[in-house]
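Just so you know, ligand 1 is whichever comes first in the structure, and atom 1 is the first atom listed for that ligand.
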Amino acid sequence: MWPKNSVAQLLGTAHPIVQAPMSGASTPQLVAAVCNAGALGSLGCGTLPGEAIREQIGNIRAATNRPFNLNFFVHARPAVDAAATKRMRARLAGYYAELDLGQVPDPDELFPPFSEDQLAAVLEARPRVVSFQFGLPAPETVQRIKAAGSLILSSATTVAEARDLERRGADIIVAQGAEAGGHRGTFSDDLGAGSIGTFALVPQIVDAVRVPVIAAGGIADGRGIAAAFALGARGVQIGTAFLGTPEVAMLPAYRKALLGATAEDTRITRVFTGRPARALRCRLTDEVADADALAFPLQASLLAPIWGVDDDKVQSAFMPFWAGQSVALMREMPAGELIEKLAAEAQARMPH
Ligand SMILES: Cc1cc2nc3c(=O)[nH]c(=O)nc-3n(C[C@H](O)[C@H](O)[C@H](O)COP(=O)(O)O)c2cc1C
């Protein structure tokens with residue numbers, strides 16, 4: 001049995017477990033498998049245009065009629081800093097020469113923050129949940145999404161961010177501790193402010209807001225889920241633990257690197273995209289200083305040609321293999337089985 005006040009009822013699921021949105025890695029197959037097993041599947045749509053989102057929603061709905069979550073980025077539009085760009089292009093030039101890739105390109109925005117095009121796809125699909133990373137969109141956009149019948153989620157990495165999200169209309173807040181894999185949700189001015197661990201962050205956010213809180217970061221099995229509930233969370237969001245499922249989209253080099261990895265192999269770094277994110281340490285994170293990174297997502301655009309090289313060694317040296325500190329707890333099994341296991345393990349430990 002789950003506690004009566006868990007977010008399961010709100011989410012329309014059997015279990016108060018959210019499979020984290022993972023841009024690039026989450027697939028309609030993963031989302032559907034998670035939903036069919038009784039949890040909330042999430043699709044990372046941050047980099048996708050409306051048409052691609054519609055197609056992926058079609059694939060999800062062909063495989064499940066359960067509630068799901070669509071996730072978007074609401075970062076500030078980056079300003080190009082000419083001096084910083086010149087420095088970063090010079091810093092990366094050696095890699096381009098080594099890999100025979102020609103000139104380092106000019107920075108490019110790659111994808112816009114949550115757009116009208118994406119909003120149209122959301123309003124049409126009316127998913128149960130719409131979640132945002134790096135804050136929330138404008139108040140009128142939040143209102144339109146809510147009026148269409150979707151719940152709004154966003155991640156906080158500090159108490160102040162959680163209060164801000166509640167004031168701006170978030171229905172549920174994800175308290176994302178520094179253990180988490182992938183991007184920090186941090187949206188306060190100081191990007192370094194949000195590096196508080198899950199254990200310290202969750203109870204403080206629970207005390208600070210009235211809306212339900214979901215814990216994220218470092219949770220990979222029933223022990224972590226039960227601990228999150230003991231800290232006052234009413235649900236969990238889990239990412240890294242799903243990287244061992246066959247339903248995720250993943251390069252073979254990434255899959256291989258994850259299998260032997262431990263917490264000490266992960267780093268929070270800005271060198272991949274310009275925003276702090278936890279990934280496996282690699283040649284790029286060892287050699288390029290965080291302080292030099294361009295604004296999100298311009299930094300990624302300077303690296304994109306390197307990421308396009310179809311070679312395991314190059315990929316392992318330069319690509320973001322996102323992973324959280326619980327990476328060694330990852331289990332290789334189908335997503336549906338993982339949900340059943342997580343739910344059974346957690347329920348056996350739940351205080352009644
Ligand atoms: C591979 C990967 C990709 C991620 N991509 C996104 C994303 O697109 N949007 C988002 O809101 N969070 C993203 N996250 C962060 C998760 O939402 C979540 O905070 C995190 O996975 C929880 O910590 P855990 O990895 O320790 O379970 C990503 C995480 C991982 C591991």
Side-chain angles (χ1 to χ4, degrees), residues 17-27 30-31 39-48 53 56 69-75 111 113-114 118 129-136 152-157 161 165 170 172-187 194 196-199 201-202 213-221 224-225 227-228 233 235-245 247-251 254-255 257-258 261 263 266 268 272-273 275-280 296-297 300 319-331 338 342:
I17 300 174
V18 180
Q19 161 257 312
M22 297 185 279
S23 279
S26 50
T27 59
L30 175 67
V31 174
L40 189 76
S42 308
L43 189 71
C45 300
T47 62
L48 303 177
I53 295 168
Q56 302 229 5
N69 168 32
L70 300 180
N71 172 262
F72 297 90
F73 300 148
V74 281
H75 55 285
F111 48 84
F114 188 53
Q118 291 175 321
V129 177
V130 179
S131 72
F132 293 96
Q133 189 74 320
F134 318 130
L136 283 172
I152 301 250
L153 259 73
S154 186
S155 296
T157 61
E161 286 178 352
L165 293 176
I172 300 177
I173 289 171
V174 178
Q176 188 203 33
E179 296 91 325
H183 280 94
R184 314 278 321 120
T186 308
F187 59 92
I196 303 156
T198 304
F199 231 83
L201 185 66
V202 170
V213 173
I214 286 180
I219 302 167
D221 60 24
I225 298 173
V236 293
Q237 177 163 300
I238 299 177
T240 299
F242 284 92
L243 296 178
T245 66
E247 291 93 343
V248 291
M250 187 174 280
L251 290 170
Y254 188 176
R255 204 175 279 281
L258 285 174
T266 72
I268 294 180
F272 291 116
T273 68
R275 277 188 169 270
R278 189 177 289 281
L280 295 184
F296 179 90
M319 283 188 81
F321 291 170
W322 307 125
Q325 289 183 332
S326 64
V327 61
L329 293 172
M330 195 185 87
R331 293 173 280 196
L338 180 57
L342 291 170

Within-cut-off N or O pair, Ile238 and ligand 1, under 3.5 Å
no

Taking both backbone and side-chain atoms of Tyr254, is any N or O found less than 3.5 Å from an N or O belonging to ligand 1?
no

Heteroatom distance test (Gln176, ligand 1): nitrogen or oxygen, under 3.5 angstrom
yes

At less than 4.0 angstrom from any non-hydrogen atom of Gly217, what atoms of ligand 1 do you find?
22 (C), 23 (O), 26 (O)

From the candidates Ala216, Ala277, Gly181, the one that places a heavy atom nearest atom 15 (C) of ligand 1
Gly181

Taking atom types as modelled, is there a side-chain donor on Thr240 or Ser326 under 3.5 Å from an acceptor on the other?
no

Starting at CD1 of Ile214, measure out to CD1 of Ile172 and round the result to the nearest 0.5 Å.
4.5 Å

Would you call Ile53 and Leu43 a side-chain contact if the rule is heavy atoms closer than 4.5 Å?
no

Just distances here: any N/O of Ala323 and N/O of ligand 1 closer than 3.5 Å?
no

Does ligand 1 have any atom that is closer than 4.0 Å to a heavy atom of Gly46?
no

Indicate yes or no: does an N/O atom of Thr240 lie under 3.5 Å from an N/O atom of ligand 1?
yes

Under 3.5 Å, side chain of Arg184 to main-chain N/O of Phe134, donor-acceptor pair present?
no

On a heavy-atom basis, I'd like to know which of Ser42, Gly324, Ala220, Gly218 is closest to atom 26 (O) of ligand 1.
Gly218

Hey, is the main chain of Asn71 close enough, under 3.5 Å, to the side chain of Gln133 for a donor-acceptor pair?
no

How about Ser23 and Phe73: do any of their side-chain heavy atoms sit closer than 4.5 Å?
yes

In Å and rounded to the nearest 0.5 Å, what is the CD1 to OG distance from Ile238 to Ser42?
11.5 Å

Do the side chain of Tyr254 and the main chain of Trp322 share a donor and acceptor less than 3.5 angstrom apart?
yes

Residue, atom name and distance, where the atom is the protein heavy atom closest to atom 2 (C) of ligand 1
Met22 CG, 3.6 Å

Do ligand 1 and Gly239 have nitrogen or oxygen atoms that lie under 3.5 Å from each other?
yes

Checking contacts here: is it the side chain or the backbone of Phe132 that comes within 4.0 Å of ligand 1, counting heavy atoms only? Could be both or neither.
neither

